[in-house]
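Below you'll find the structure, written out as structure tokens, and then a few comments.
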There are 2 protein chains.
Amino acid sequence: MQTVSLEQELVSRGLRMTHQRRLLIQIIQGAESHLDAVALWERARGQDPTLNKVTVYRTLAMLKKYGLVDELDLMHLKGGKHYYEARASRDHVHLACLKCGRIQEFESSLFEKLKGQIERQRRFNIKVVRVEAGGYCENCRDR
Amino acid sequence: MQTVSLEQELVSRGLRMTHQRRLLIQIIQGAESHLDAVALWERARGQDPTLNKVTVYRTLAMLKKYGLVDELDLMHLKGGKHYYEARASRDHVHLACLKCGRIQEFESSLFEKLKGQIERQRRFNIKVVRVEAGGYCENCRDR
DNA sequence: GTACTTGCAAAGATTTTGCTTCCAA
DNA sequence: TTGGAAGCAAAATCTTTGCAAGTAC
């Protein structure tokens with residue numbers, strides 16, 4: 001998903017592309033890790049010191065509402081905050097190491113099959129799915 | 001999992017069985033739905049009006065630490081609270097309807113296979129796993 | 001008796017709301 | 001121009017912490 005298309009996505013839904021939204025979207029899409037609202041705000045302030053934290057929350061709520069970002073908890077490793085990532089073309093599992101805190105992502109066709117099974121067997125129309133596992137990663141498991 | 005065994009579980013780990021803990025455990029195990037800390041507290045107060053909310057948070061943290069309850073978010077349908085359920089013998093998916101708010105549970109061997117795949121392919125030792133899906137349930141999907 | 005738990009009060013962390021001003025279309 | 005969006009301040013929600021008093025073992 002490109003920056004342009006996400007912007008167009010918003011515009012096509014009748015939303016205004018303010019420079020604040022453009023900046024926040026760029027940061028989310030360019031982030032190498034999962035950001036929570038405050039982390040996102042701090043990065044955004046580097047570019048635009050007047051950008052308010054409330055705008056971050058409102059923008060995230062809007063992106064979530066339109067399904068453009070996914071909201072994660074990452075097993076509450078660091079309290080109750082929520083983390084955000086640009087919605088990927090393919091869903092993936094998040095693995096959170098309880099020891100070192102590393103977050104890995106894992107894609108699997110089994111995950112896709114599981115979703116299909118739920119949709120068919122329960123006639124449940126899935127809009128968002130989240131799989132998070134807590135445990136010990138390769139580096140930490142034997143220590 | 002019986003009340004007794006959960007109590008024994010705690011005792012065997014050197015924890016004290018206070019009447020507050022006993023009451024909270026009974027409520028969690030007997031609950032027909034997923035309770036958040038405050039809902040649990042309200043039920044507990046019916047039995048013991050002096051039981052403090054802080055004790056609920058501390059007890060939940062302790063049960064979570066020892067892997068005796070699972071903590072859920074249920075797709076944040078109603079804000080950022082956390083919900084708790086006695087750990088089941090078999091993991092299950094939670095399906096949250098975005099329209100009516102109903103929570104369904106779904107067990108699947110595919111889920112078990114997915115866990116196995118993660119453990120093998122990533123050499124990741126899973127301790128807790130959570131699958132939550134948001135979408136439209138059978139009753140709401142066509143409306 | 002002693003260490004672990006609880007209750008109480010207060011603080012901390014995260015997110016939301018009301019309202020005025022601003023600006024994208 | 002005009003309705004949607006941002007900024008600011010304040011509040012609401014959820015959870016944690018410090019410490020004195022209580023209690024399970």
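Both backbone and side-chain heavy atoms feed into the values below; hydrogens, waters and symmetry mates do not. Just so we're on the same page: letters track the sequence lines, and every chain starts at 1. Just so you know, these numbers come straight off a predicted model, no measurement behind them.
- The CG-C1' distance, from B:L63 to C:dT5, rounds to 14 Å in whole Å.
- You'll find a donor-acceptor pair under 3.5 Å spanning the side chain of A:R58 and the base of D:dG7, going by distance alone.
- Side-chain atoms of B:W41 never come within 3.5 Å of backbone atoms of B:V54 as a donor-acceptor pair (strictly under, hydrogens ignored).
- Atom CG in B:L60 sits roughly 9 Å away from atom P in D:dT15 (whole-Å rounding).
- At a cut-off of 3.5 angstrom, the base of D:dC25 holds no donor-acceptor pair with the side chain of B:R16.
- Straight-line distance from the CG atom of A:D48 to the P atom of D:dA5: 17 Å, rounded to whole Å.
- One finds a side-chain N or O of A:T50 lying less than 4.0 angstrom from the OP1 or OP2 phosphate oxygen of D:dG7.
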Contacts under 3.5 Å, N or O only, protein and nucleotides 10-15 of chain C:
from   : atom 1 : to    : atom 2 : distance (Å)
C:dT14 : OP1    : A:K81 : NZ     : 2.9
C:dT15 : OP1    : A:H82 : N      : 3.4
C:dT15 : OP1    : A:H82 : ND1    : 3.3
C:dT15 : OP2    : A:Y57 : OH     : 2.7

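- The side chain of B:R21 contributes an N or O atom lying less than 4.0 Å from OP1 or OP2 of C:dT6.
- Salt bridge present: A:D91 and A:K115 bring a charged side-chain N and a carboxylate O closer than 4.0 Å.
- Within the structure, a side-chain polar atom (N or O) of B:Q20 is placed less than 4.0 Å from OP1 or OP2 of C:dG7.
- The residues A:D70 and A:K64 are annotated as not salt-bridged, no charged nitrogen and carboxylate oxygen being separated by less than 4.0 angstrom.
- The residue from A:Q117, A:R123, A:E119 that alone fulfils the side-chain contact (heavy atoms from CB on, under 4.5 Å) condition with A:Q121 is A:Q117.
- In terms of modelled atom types and a separation under 3.5 Å, the side chain of B:E132 and the main chain of B:M75 share a donor-acceptor contact.
- Between the CZ atom of B:R45 and the C1' atom of C:dC8 there is a distance of 15 Å, rounded to whole Å.
- Judged by distance alone, the side chain of B:R21 and the main-chain N or O of B:E7 form no donor-acceptor pair under 3.5 Å.
- Spacing between atom CG of B:L10 and atom C1' of C:dC4 amounts to 14 Å, rounded to whole angstrom units.
- Per the geometry, NE2 belonging to B:H19 stands 7 Å off P belonging to D:dT23, to the nearest Å.
- Protein atom CZ of B:R13 is 19 Å distant from nucleotide atom C1' of C:dT5, rounded to whole Å.
- The shortest distance between the side-chain N/O atoms of A:T18 and the OP1/OP2 oxygens of C:dA24 is not below 4.0 Å.
- Ring-plane geometry between B:H82 and A:H76 is classed as tilted, the angle between the planes lying from 30 to 60 degrees on a 0 to 90 degree scale.
- The side chain of A:N52 places an N or O atom within less than 4.0 Å of a non-bridging phosphate oxygen (OP1 or OP2) of D:dC8.
- Rounded to whole angstrom, the span from the OH atom of B:Y83 across to the C1' atom of D:dC14 amounts to 12 Å.
- Comparing B:V11 and A:L51 by the nucleotide of DNA chain D whose heavy atom lies nearest to each, the residue mapping closer to the 5' end is A:L51.
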